[in-house]
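Each remark here refers to the structure printed beneath this line.
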Amino acid sequence: MNRFDYIRPVSVSEAIAAAAVPGSAYLAAGTNLLDLMKVGTTRPERVIDITRLPGLDRIEWLPDGGVRIAAMVRNSDLAYDERFARTFPAVAEALLSGASAQLRNAATVGGNLMQRTRCAYFHDLASACNRRVAGSGCDARDGENRLHAVLGWSEHCIATHPSDFCVPLVALDALVEVEGPHGAREIPVDLLHALPGATPERETALAPGELVVALRLPAEAADFSGNARYLKLRERTSYAFAVVSAAAALELEGKLIRKARVALGGVAAKPWRAREAEVALTGMPASAEAFAKAAEIALADALPSGDNAFKIELARRIVVRALSLAFEGTPEVMPALPASPFSTTAGAIHVA
Amino acid sequence: MSLSISLTINGQARTVVLDDPRVTLLDLLRERLDLPGTKKGCDRGQCGACTVLVDGRRINSCLSLAASLDGTEVTTIEGLAEGEALHPVQAAFIAHDGFQCGYCTPGQIMSAVGLIKEGHANGDPERIRELMSGNICRCGAYQGITEAILEAQKASTEANRRDAA
Amino acid sequence: MSLDTASPTARRHGSNAGQPLTRRDGLLKVTGRATYAADNHPDGMLYAVTAISRIARGRVTALDVGAARAHAGVVEVLTPANRPPLAHDPDEKMPPFGFRVEVLQDDTVRYVGQPIALVVAETLEAATEAAALLDPQYEIADARTDRSNGDRFGLAAVGIGAPPRTVHGDLAAGLAAATHVTEAEYETPAQYHNAMEPHAVVAEWHGDRVTLDMPNQAMALSCAAYGAYFDIPAENVLIRSPFLGGGFGSKAILNGPQILAILAARMLKRPVKLVLTRTQMYGPVGHRGHTWQKLRIGTDAQGRLTALHHHALCATSSFDEFIEPAANASLPLYDSPAILVEHEGLRLDIGTPGPMRAPGEASGSAALEVAMDEAAVACGMDPLEFRLANYAETEPGTGRPFSSKALRECYLEGAKRFGWAGRPLEPRQMRDENGFLVGWGMGTAVFHCPHFPAEARATLRADGTALVETAGADMGQGAWTALAQIAAEALGLDPDQVEFHSGISTLPDGGIAGGSGHTASAGLALNNAGEDAIAKLAAIATADPASPLFGAGNIGVVARSGRLHRIDDEGRSESYVDILARAGQAEVIGTAKAARDPAIAEAHAMFSHGAVFAEVKVDPDLGQIRATRLVGAFAAGRVINPRLVRSQYFGGMIWGTSFALHEEAVTDRRTGRIMNADLAEYHVPVNADVPSLDAILIEEDDPYVNPLGIKGVGEIGITGTVGAIANAVWHATGVRVRRFPVRIEDLLIARA
């Protein structure tokens, strides 16, 4: 790790001012940033510790029924917040399926939103990586890429976004509140993470020095609380990143789907909202056929970026399963193995 | 640049002057404060061997900058037993053979103590297995670990009930 | 889990051995007071960090030593340009087990992860960053990374001196006689030991003597080897290894980084600590080599083997040989009139593989047990019935008797506990209440019984307690407990009256902690030392007219509960305390060297056996797998401590689960870089992966394997388990996966 100046501002504005100096990085819990610094992927000259900033550790219910979660709220505090988990169960389940209990105790909401890809070529300084060094090339393209992107990738980058949390967030139209040198603004989480295109080094919509100060879930997102799930396939039962994952949320009237939300994780450089699939489901009676059709639509544009064609079929199947589980209803209690297929009450597709 | 921080470690208030902001809590404990009970297995939050409690919560000390923890209370494996009296989790680990080589054990035990405090496992072995999955044991002592936590959790629930009565 | 403390085994073996005592080192381990190498911190200590190569083959053409030296706190940067000389040529092997090592002898790069410089600094932070600042430049040659571009070669030996090719009978005739030949190829990936404790050393020199705090599975051999490298007598090397944070074979053999740290300490005249990072453990400290194995199994109409052919292509490095003796796993297990096992080497630009928990047997048994399952299917037989039909009553090919073999009991008891009866023959027949596919599979476990020469000392003290000593290694087996139990029994004392010293090289050589042979090897030495001490004590007593035992010299005495008793009249006895007090002696010292009797060894085939039964559940659509239940039944001679033995079996079975479903080093074929060289992406099982384990300890009396009747238990659990799980996956899904680990996409079959 390179030597850096450690700065602990006392207010958001002071933090933003400190970060205006080039070479600065915001430090929250450090569960991602310190790892990147140890590997050498990131070498900030100034580390601005934002964990003590006043007012950034609150969960605040808004008058309209939405919720505002300040950026330094810890993942576990949010996931185990009773009202939050009841209102946005898929988000809580996604949080609890990520990392480990220790990491969730430390990692913050803002940090999770800003986490970087797990692509091994991004972390290997000897490999070419356009995301790490613009214009250097992409060694993942012809490398070991069975877990890489199948949607939204480009010749310049095939990395995926690793967050579980962000998948239900994009499904539920969450927003981030950002403050920066030029003031405050809001960005939908769906627009926060960028697809690589020709500029994979631009990972998010944030401008230099901008700081995520809060996350908001709109009141309408609570309409799905009775039928929302997050499902995640892993290469071991726990403590692993997703091979693919899906969030599904339904608003039902009997068997009729009034509204549907679908998003995928582990398939693209951003959490992938499947809006056309949602449209196809809206107004339809829930059925295996409807879910299968939605899955087809969600993956219609998918293409293998390497040895990962299986992920396309797997993603279809997980969409179907997540929809089936959502239709069955949010479990009364958080499953013992959150988001695992083995925590479900059903191992096969079955739609009433 | 030198930086002074205050920590309460195993109940003892300490002021630490850091000549280097890069020092993690783990390296501070092991290399500068003579508390090597906390172990380094991966240094990247991937194994759990470095688990300690900070303000009562279990975290990976390898991914925490010491400077950032100014003012916190840290509990390590060295601070768990009260004199010669083992913490119930420690005793249960011995009784259930919840370790072999012992290297991941301080992290497993601190994680187990944190898990019981968190109160989300409710005596369910499957929840314990899931919530202990951030602590890798390459020797494969998992079954004993799960049994030890079940027993210690039961003991702690009964103790709480007695206290409340 | 309850332990049957009143088992016949426990009774038969008396008051000490056979008891499920908890670990003697338990208190230290649960309080954080057990000291591992990197926990040491002598005054004035410096930190060393290696810089490693990121290419697989070529040369280092430049290092920015200036930038590294300029970093605050840096004391020295060792490169091939300034590395002090060593007395042993690192490109020569160090007999008997030493490998060629990379210690900055030149600028050649032979694998990714090879040390190319060593930075020493006042702090760990400074040394780590300075190593990164070296920014190596390379001349890169094409890397040989796979079967397609590696160089095949013939072999003189496999494993540690085992024959590469063994023939029994006429394979061609056996195949011709078969009504069916099952033929398939299996692939096992490179795997890395990944002990939780990274390799570490704290080296401190005093003149021409050096003290090394390091985890070490073979102290006496290591002292000799370090002595050779540093041109000092072996006795000038003091190794302290009270606890190893896991070894699994990777801490028995010298490696380059540790030698460099010791060299730096001598050069700088200050203690030096070096701890490998997790990533740095993928290269210079060995691994389980990649294999490609072809099996042909001929069977007749009754389902009996007519021929067994096992060919293994095994990867090794470009500059040294360790060949996984995988095909030899097919030698001792199944009765066949014709057996051919053979190995071929493959040179790749990788670090040299080495022994890793069940070397040979793990990979070989993985392939063999799946092939046997396929053959059973071809014969339309239940896999257990098929194995019983081919049960070897004597060692196949040689006809030698087994020193003991309770495998049949393992099969039957394991099957009973598991509930194997009624398993449908066809795959994809079982579902659980939630719709998951359920499969049951089984495999046979086998592991040989090596015995290493060892020495020990037992001192009976005037207060009636004893001190027993041997330079053994505890890497989690529970050696401190089991060995103390053996010594206590020999001395006629309770284990808590016996002080046990080990883990330091100045003690009598405890032999190698490997090959599942440590308890038997060091244990026999301790037993014999104890018996020697008792014999000396008896000589004092029986020659002393004041002793009730006077004159019993010819009749003999027995030691029990701190007293010697006349064999023919147990009422006549005297305590050790009284005997020594009257003799005016502070102590009597017994010593012993122990080794296996070569004649008995030659006359018998010696193996531990077992049977493992596995249940897996597979999501029918999504392909995710969970090994929901494992039952193993093992027969391994006399059990010294059932609590610890069960833990060893569990550990082995979890390694088997890992082999079958999780672990694999993923190498970029272009560069030879391991792209998952950490613990986040190199998956080993977590707690949630092993919901239910059961191990049955089958009684077995073995009068030949060694005088104590002890076989090994540390490695056998892997064997059998890998096949059992893979076969259960087939049984659940109908998909036969022949490449390990089984992956989600392997099971992503088209939906009906």
Side-chain angles (χ1 to χ4, degrees), chain B residues 19-20 22-23 27 30-32 34-47 49 76-78 80-81 86-87 89-91 93-106 109 125-126 128-147, chain C residues 1 22-23 25-36 38-41 47 73 123-126 129 193-198 243-248 275 277-278 474-478 643-644 646-648 650-655 678-680 684-693:
Chain B
D19 55 353
D20 191 329
R22 293 175 293 189
V23 179
D27 288 331
R30 289 185 52 80
E31 308 299 340
R32 294 165 187 248
D34 196 23
L35 288 168
T38 307
K39 296 294 182 266
K40 184 183 283 188
C42 73
D43 209 25
R44 296 180 61 191
Q46 301 169 351
C47 79
T76 73
I77 191 73
E78 289 96 338
L80 203 55
L86 292 181
H87 186 283
V89 171
Q90 292 174 311
F93 265 64
I94 295 177
H96 291 273
D97 215 30
F99 55 91
Q100 293 185 22
C101 80
Y103 195 80
C104 73
T105 311
I109 288 176
E126 189 82 319
I128 290 173
R129 284 190 277 267
E130 161 65 28
L131 292 170
M132 287 300 291
S133 283
N135 290 85
I136 291 176
C137 170
R138 183 58 154 162
C139 296
Y142 292 131
Q143 188 143 314
I145 290 168
T146 303
E147 287 164 1
Chain C
M1 177 184 75
T22 57
R23 290 170 194 264
D25 45 6
L27 187 64
L28 291 176
K29 285 181 174 173
V30 301
T31 54
R33 300 205 305 265
T35 304
Y36 300 81
D39 299 346
N40 290 285
H41 200 129
Y47 293 85
T123 66
L124 177 59
E125 292 76 19
E129 172 62 6
H193 303 76
N194 274 310
M196 293 314 297
E197 176 202 27
F243 300 101
L244 293 88
F248 313 117
V275 184
T277 65
R278 181 58 54 182
D474 193 321
M475 46 194 176
Q477 333 88 300
R643 181 191 304 269
L644 306 184
R646 191 175 271 108
S647 289
Q648 285 294 290
F650 286 168
M653 289 158 76
I654 292 173
W655 273 57
D678 57 33
L679 283 175
V684 300
V686 295
N687 200 319
D689 285 309
V690 281
S692 170
L693 299 174

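- In this structure, chain C has a heavy atom under 4.5 Å from the backbone of B:Ala95, while its side chain stays farther away.
- By number of non-hydrogen pairs under 4.5 angstrom with chain C, the leading residue of B:Ala91, B:Ala81, B:Ala49, B:Gly102 is B:Gly102.
- In this structure, the side chain of B:Gln90 engages the main chain of C:Val30 through a donor-acceptor pair within 3.5 Å.
- With a 4.5 Å cut-off on non-hydrogen atoms, B:Arg44 touches chain C through its side chain but not through its backbone.
- Heavy atoms closer than 4.5 Å to chain B are found in both the backbone and the side chain of C:Gln648.
- Considering only heavy-atom pairs separated by less than 4.5 Å from chain B, the leading option among C:Gly651, C:Ala126, C:Gly652 is C:Gly651.
- Neither the backbone nor the side chain of B:Leu35 comes within less than 4.5 Å of any heavy atom in chain C.
- With chain B as partner, the option from C:Ala34, C:Pro691, C:Gly73, C:Gly246 having the largest number of non-hydrogen pairs under 4.5 angstrom is C:Pro691.
- For a residue to count as touching a neighbouring chain, one of its non-hydrogen atoms must lie under 4.5 Å from one of that chain's; by this rule C:Thr31 touches chain B with backbone and side chain alike.
- The existence of a salt bridge linking B:Lys39 and C:Asp39 is confirmed by a sub-4.0 Å separation between a basic side-chain nitrogen and an acidic carboxylate oxygen.
- Heavy atoms closer than 4.5 Å to chain B are found in both the backbone and the side chain of C:Leu27.
- By the 4.5 Å heavy-atom criterion applied to side chains, C:Pro198 and B:Lys40 are not counted as neighbours.
- At a 4.5 Å heavy-atom cutoff, the contact between C:Ala680 and chain B is made by backbone and side-chain atoms alike.
- In this structure, the portion of C:Thr123 lying under 4.5 Å from any heavy atom of chain B is its side chain and not its backbone.
- Between C:Arg643 and B:Asp97, the shortest heavy-atom distance links the atoms O-OD2, 3.8 Å.
- Residues B:Tyr142 and C:Pro685 come closest through the heavy atom pair OH-O, 2.7 Å.
- Taking the side chain as every heavy atom from C-beta outward, C:Phe650 and B:Cys139 never approach each other to under 4.5 Å.
- Distance check: B:Asn135 CG to C:Asn687 CG gives 9.0 Å after rounding to the nearest 0.5 Å.
- Seen from the ring of B:Phe99, C:Arg23 counts as a face-on cation partner, given the 6.0 Å and 45° thresholds.
- Neither the backbone nor the side chain of B:Leu80 comes within less than 4.5 Å of any heavy atom of chain C.
- Contact between B:Arg138 and C:Trp655 at its shortest, heavy atoms only, is O-NE1, 2.8 Å.
- In plain terms, the two heavy atoms of C:Tyr36 and B:Tyr103 that are nearest each other are OH-N, 3.4 Å.
- Between chain B and the residues C:Leu244, C:Asn40, C:Asp678, C:Val690, the largest count of heavy-atom pairs under 4.5 Å involves C:Asp678.
- If you measure heavy-atom distances from B:Ile145 to chain C, the contacts under 4.5 Å come from the side chain alone.
- We find the NE2-OG1 distance between B:His96 and C:Thr22 to be 11.5 Å, quoted to the nearest 0.5 Å.
- In this structure a side-chain-to-backbone donor-acceptor pair under 3.5 Å is present from B:Gln100 to C:Ser647.
- Between the B:Arg30 side chain and the C:Ala38 main chain, a donor and an acceptor come within less than 3.5 Å of each other.
- Contact annotation: the side chain of C:Met196 approaches that of B:Cys47 to within less than 4.5 Å [non-hydrogen atoms, C-beta and beyond].
- Interface remark: C:Leu693 contributes backbone and side-chain atoms alike to the contact with chain B (heavy atom separation under 4.5 Å).
- Side-chain contact between C:Glu197 and B:Cys101 is absent, with no heavy-atom pair separated by less than 4.5 Å.
- Contact annotation for C:Ile654: only side-chain heavy atoms (C-beta onward) come within less than 4.5 Å of a heavy atom of chain B.
- Side-chain N or O atoms of B:Ser133 include one that pairs as donor or acceptor with a backbone N or O of C:Ala688 at under 3.5 Å.
- Using a 4.5 Å cut-off between heavy atoms, B:Asp43 makes no contact with chain C at all.
- Side-chain contact between B:Phe93 and C:Lys29 is absent, with no heavy atoms from C-beta onward closer than 4.5 Å.
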